[in-house]
2 protein chains.
Amino acid sequence: MRKARVTINGEKLHTSSEILRALAHPLRMQILEFIDQNEMINVNKIYNTLNLEQSITSQHLRILRIAGLVVTERDGKFIHYAIDYSKLNNAVNAVDAFLEEE
Amino acid sequence: MRKARVTINGEKLHTSSEILRALAHPLRMQILEFIDQNEMINVNKIYNTLNLEQSITSQHLRILRIAGLVVTERDGKFIHYAIDYSKLNNAVNAVDAFLEEE
DNA sequence: CGTTTTTTTTTCATCTTTTCAAAGCTCGTA
DNA sequence: TACGAGCTTTGAAAAGATGAAAAAAAAACG
């Protein structure tokens with residue numbers, strides 16, 4: 001019926017699950033989605049639009065940054081956030097590895 | 001450049017992140033992968049092959065079960081585990097929602 | 001320089017997850 | 001029925017995540 005072709009090694013398993021863990025929080029998914037919809041956006045707009053505490057927003061952004069799911073670019077006072085789609089793709093692919101069909 | 005088409009509502013956000021949370025653990029990904037590679041497999045084989053404690057294996061299986069990522073079927077003494085691919089697909093799709101291109 | 005705006009970092013209390021060991025089920029069979 | 005094999009659940013300790021508030025950093029601007 002099915003045959004898996006992809007075997008995930010220990011290291012990949014670890015990094016994949018780290019990225020997934022960063023994703024696995026409603027607020028972070030919401031923030032990610034908002035960044036996704038707005039291309040390049042600064043922190044102020046994120047927490048004002050989503051009605052979140054400023055400091056909580058910053059902390060969740062930090063987790064997303066560490067996981068590599070978002071990248072930042074400073075523009076004067078502002079820090080613009082954007083999604084690193086290649087990283088996000090990696091997470092999807094890691095999960096997809098379970099679904100590979102023969 | 002990009003335009004997101006999918007807006008995830010609060011409820012979906014929550015259930016998606018719950019499934020992702022279940023996925024986001026190296027051991028659970030390893031166990032899932034092993035089940036994937038073996039179609040229908042009992043607990044004994046899982047923890048013996050992966051060199052895990054029996055009770056830890058059982059607990060992670062429980063988390064996967066609650067998340068709906070695996071289903072069980074008893075066959076006498078044995079309990080066979082199999083992956084619920086539709087659920088796993090949902091998880092992938094949830095992540096994919098961020099990646100939708102115009 | 002001192003102040004304001006924007007964002008990050010730190011700190012701390014609380015809650016959740018993970019692990020481990022032991023006890024408890026469930027089924028087949030002697 | 002009682003035993004063993006297979007699996008789950010429980011309870012306690014350690015580790016990790018979360019949220020909220022306050023302090024700190026970085027840049028712009030008078």
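Order of the sequence lines sets the chain letters (A, B, ...), proteins ahead of strands, with each chain counted from 1.
- Separating the CG atom of B:Leu61 from the P atom of D:dT9 is a distance of 11 Å, rounded to the nearest angstrom.
- Across the protein-nucleic acid pair, A:Leu64 atom CG and C:dT8 atom P stand 11 Å apart, rounded to whole Å.
- Separating the CG atom of A:Asn48 from the C1' atom of C:dT7 is a distance of 13 Å, rounded to the nearest angstrom.
- One finds a side-chain N or O of B:Arg62 lying less than 4.0 angstrom from the OP1 or OP2 phosphate oxygen of D:dT9.
- Residue B:Arg74 places no side-chain N or O under 4.0 Å from the OP1 or OP2 atom of D:dC7.
- Looking at A:Ser58, its side chain never comes within 3.5 Å of a backbone N or O of A:Gln54 through a donor-acceptor pair.
- Rounded to an integer number of Å, the gap from B:Ile46 CD1 to D:dG6 P is 14 Å.
- We find that NZ of B:Lys77 is positioned 5 Å from P of D:dG6, with the value rounded to whole Å.
- Phosphate proximity of D:dG6 to B:Asn42: absent, as no side-chain N or O sits under 4.0 Å from OP1 or OP2.
- To the nearest 0.5 Å, atom CG of residue B:Asn42 and atom CG of residue B:Asn48 are 9.0 Å apart.
- If you measure from atom CD1 of A:Ile66 to atom P of C:dT8, you get 11 Å, rounded to the nearest angstrom.
- Between A:Ile79 atom CD1 and C:dT5 atom C1' there is a gap of 12 Å when expressed in whole angstrom units.
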What string of B, S and - do you get for nucleotides 16-22 of chain C, 5' to 3', when a contact is any protein heavy atom under 4.0 Å? -SSBBBB

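- Without hydrogens or angle criteria, A:Arg28 side chain to A:Ala22 main chain gives a donor-acceptor distance under 3.5 Å.
- Atom C1' of nucleotide C:dT7 and atom CD1 of A:Ile31 are separated by 14 Å, given to the nearest angstrom.
- Side-chain N/O atoms of A:Tyr81 include one lying less than 4.0 angstrom from OP1 or OP2 on C:dT8.
- A side-chain donor-acceptor contact under 3.5 Å links A:Ser17 to the backbone of A:His14.
- With 3.5 Å as the limit, one finds no donor-acceptor pair spanning the side chains of A:Asn38 and A:Tyr81.
- Checked by atom type and distance alone, the side chain of B:Glu33 never pairs as donor or acceptor with a backbone atom of B:Met29 at under 3.5 Å.
- How far CG of A:Leu50 is from CD1 of A:Ile31: 6.5 Å, rounded to the nearest 0.5 Å.
- Using a 4.0 Å heavy-atom cutoff across all strands shown, B:Tyr47 reaches no nucleic acid atom at all.
- Between A:Asn44 and C:dT5 there is no side-chain polar atom (N or O) within less than 4.0 angstrom of OP1 or OP2.
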